[in-house]
Amino acid sequence: MRGQLAEARLPAIFVRMKPDSLLYPAPKGLYCQKGDFYIDPVQPVERALITHGHSDHARAGHRRVLATRETLDIMRIRYGDGFCGESEIAKLGEAMTVNGVRVSFHPAGHVLGSAQIAVEAGGKRIVVSGDYKRRSDPTCRPFEPVSCDVFITEATFGLPVFHHPDDRAETARLLASLKQFPERAHVVGAYALGKAQRVIALLRQQGYDEPIHIHGALAKLCEYYRTEGIDLGDLRPATLAGDKRPDFAGGIVIGPPSAFADRWARRFAEPVAAFASGWMLIRQRAKQRGVELPLVISDHCDWAELTGTIREIAPAEVWVTHGREEALVRWCELECIPARPLHLVGYDDEGE
Amino acid sequence: MKAFAELLGRLVLTPQRNAKIRLLADYFRSTPDPSRGFALAAIAGTLSLNTVKPALIRDLLLERMDEVLFHYSYDYVGDLAETVSLAWEPPQGTAPADIPLGEVVERLQRAGRSEVRSLVRDVLDRLDTAGRFAFLKLVTGGLRIGVSARLAKQALADMGGKDIGEIETLWHGLSPPYLPLFLWLSGEAEMPVLTTPAVFHSVMLATPIGEGDLEGLDPADFAAEWKWDGIRVQLANIGGVRRLYSRSGDEISGAFPEIIEAADIAGVIDGELLVGGTMRTNRATATFGDLQQRLNRKTVNRKLFEDFPAFIRGYDILFSGERDMRPEPFQTRRQALAALIDAASPQHFDLSPLVPFSTWEELDRLRSEPPDPVIEGIMLKRLDSPYLAGRMKGPWFKWKRAPFNIDAVLMYAQRGHGKRSSYYSDFTFGVWTEAEGGTALVPVGKAYFGFTDAELEVLDRFVRDNTVERFGPVRAVRAEPDAGFVVEVAFEGLNRSTRHKSGVAMRFPRIARLRPDKLPREADRLETLQAMIGIKS
Ligand SMILES: [Zn+2]
Ligand SMILES: [Zn+2]
């Protein structure tokens, strides 16, 4: 990949904004001075509102946390009971008041429990989308557009080259490869929260009912999804003990991407390395990672969905963060929508 | 186009040869004519299409896209065809349909110059992303998928349950979309009969001498000749049609016009293509490195032709005129070959001399100290053996001169593919040289085989425990005079190289032994390698 633009990511220049603006980027994250709270702060703060459970958005160590019940559960699973001083459940669609500022949470369609956060004061409403997508996902509630004055959108896949294909066609490719190479284990890299469960659910929807083997790092979250009523079928640990086919030939194994560089990956029969990620659209990315079967399945919007969402919500202003800000800002300019990059730091725009 | 696009995508990312063959064979089995024939042609490099300039596809995208957004996109993706295939948005209301590859190729072949632009736009509108990518690579001539024509032929053989030799024999007599070939392979017709006489015939190959192979064999039953370090070729002149083929059946007549012109012989011969002078003109044979200069040229360069004239050193004969000599014993064939070469141009043809010997020990000595640097070993041929297609053990053996060995220091490692994807199994190694700040290591080669599984475990552990820096997938390992890992590297020869910082390029390097007993400071120096340049093993 050439990606000079990606590498030459601008340093943390904070956009100059009027001090009285309702939300502005501060070193610890997006801050609301009036309500004295942060949204998805990257360092421990007194009061945090959290959009979803991915570790770059949901960090441990805040004194008070307001988030959906599922996000709080996920944080507890990941960080333990003491993940924060005090937690409070935000019900989707219900307005609350935090130090005189109205806040409400709305589904974002990204992963289980993910929410957009609307912040409202003085007759002005800002919606922080967090990470979001518009495709249907059997493992979480769909995105709901909320009208607002300022829409803060992510731009992980904010380049016109990103057009994600139909996710069902991608899992169908995995099943086709399994038929074509029945003597090989198909080892799929997928992020532990959201992606892994979505891939499993998609395979089940397509009638694949063999046991699926999962890496230990996925076990607790898959179990949690199950208790939330998401049927993932027969899941078994991808360990050697007691299994009849210890090399998993002809089977599907799912693990977090980080496990592929480990000795863990050695136990499989002539593995076909697959990886489920929006980045797999770029051939060089797949090649660099040694992926043989790239599955383009993303939990973020593609370009058409980002621009479509902005058109649909029609906010007076768009703030862009998280990813390829410059291209989406340029698009807004062409559409005569006032827009600015936020240059927030500390979020992982590659992990997908 | 969908199936072809999926095939290309998989082939590029699949490292294992057998898996590639299966992907190809399954595609050929499940795709109708003429699409599969055009796909075969695209992969084997026999498809001729009016190519489209990259500027045209860029222009087509810019008809619909802001230039700034295009630059952001292209800069990120780095490949024009891929950028266009990904960023292309068909007009509202056009649902992507699948156009068969055959239809696309036929439309392109029919289109006049002025129609190309709208044709490309129209096809782009109707394909999906992967289809657009395959299409653009096809029309811009940038289809590079790491599949040789030989591999494609092996897939055809697998598909039809035939021998690859039969396919190679037919290959140059057929043309895209290869309808009679596929009819035969799918069992719906007899083997096609060729109209062009000067076709390629599968060559006879030798097996390497292994431990104990010579025990029980009588030296009197064999002829020995030198194994020359050029490229094995087949030259055909049947009924005035002249062709020069590589040993895998690729036609290379264009690169060696002087051979074609001088091929005033009737029949088909097997030999080594070399450059320099023939024995009949008493001039020295030049090295493989010199021959490579000729091979890598697309266009004729007068100076190269004068400096490195090509000739064929004859090994064997398949046809004398129309007469099939292949069933005859080696001795009879050799006489026919000698007579034919004697009558041919002395500048362009000579006969590979036989090496007299009476015991295997004597031959072993000759093998390890050959009289000419362009010799890479000995060939042993049974006197009574017919000329058989392919490689079988018994009639022909090759006995290579021992390779070169040096001690080098591991510098970088990268993870392997497939079974080895969790191991650091691709190694870059270096030797010492004087650099600005004193003595330093300079990389001289890369190897990813030669070691046992147990040795790989040792190397992998060393890499993981001694990584000093990472560059993407590559790890730099500790390599200092008193700390690091020494390996014995074996290779077949060295060429001068301007592409490598060290100025040398190894041929077929492999890790022969691990030397944990040595310190990096004891490894070899670049001067040792420089002295080996031009010498062939
Ligand atoms: Zn996320
Ligand atoms: Zn995120």
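Each chain gets a letter, A, B and so on, in the order its sequence line appears, and its residues count up from 1. Keep in mind that the numbers below use all heavy atoms, side chains included, and drop hydrogens, waters and symmetry copies.
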*Just give me the residue among B:Asp128, B:Val68, B:Thr14, B:Val84 that pairs up with chain A most often, heavy atom to heavy atom, under 4.5 Å.*
B:Val68
*Residues, nucleotides or ligands: over 12 heavy atoms within 6.0 Å of B:Lys162 NZ*: yes
*Describe, in one word, how the ring planes of A:Phe268 and A:Phe248 are oriented to each other, choosing from parallel (under 30°), tilted (30 to 60°) and perpendicular (over 60°).*
tilted
_Report which part of A:Arg173 has an atom under 4.5 Å of a heavy atom belonging to chain B: side chain, backbone, both, or neither._
side chain
_Portion of A:Glu183 that has a non-hydrogen atom of chain B nearer than 4.5 angstrom_ = side chain
*Hey, is OH on B:Tyr448 packed in by over 12 heavy atoms from elsewhere, all under 6.0 Å?*
no
*Among A:Arg324, A:Arg135, A:Lys133, salt bridge (charged side-chain N to carboxylate O under 4.0 Å, His left out) partner for A:Asp302*: A:Arg135
*Residue B:Gln414 versus chain A: region with a heavy atom under 4.5 Å*: neither
*asked:* Looking only at heavy atoms and a cut-off of under 4.5 Å, which of B:Asp66, B:Leu23, B:Val12, B:Thr129 has the most pairs with chain A?
replied: B:Asp66
*Are more than 12 heavy atoms from other residues, nucleotides or ligands located less than 6.0 Å from atom CG of B:Asp453?*
no
*asked:* A cation-pi test, strictly: NZ or CZ of A:Arg283 under 6.0 Å from the centre of the six-membered ring of B:Phe133 and no more than 45 degrees from its axis. Yes or no?
replied: yes
*Contact class of B:Arg415 relative to chain A, heavy atoms under 4.5 angstrom*: side chain
*asked:* Heavy-atom cut-off 4.5 Å, strictly under: side chain, backbone, both or neither for A:Ala286 against chain B?
replied: both
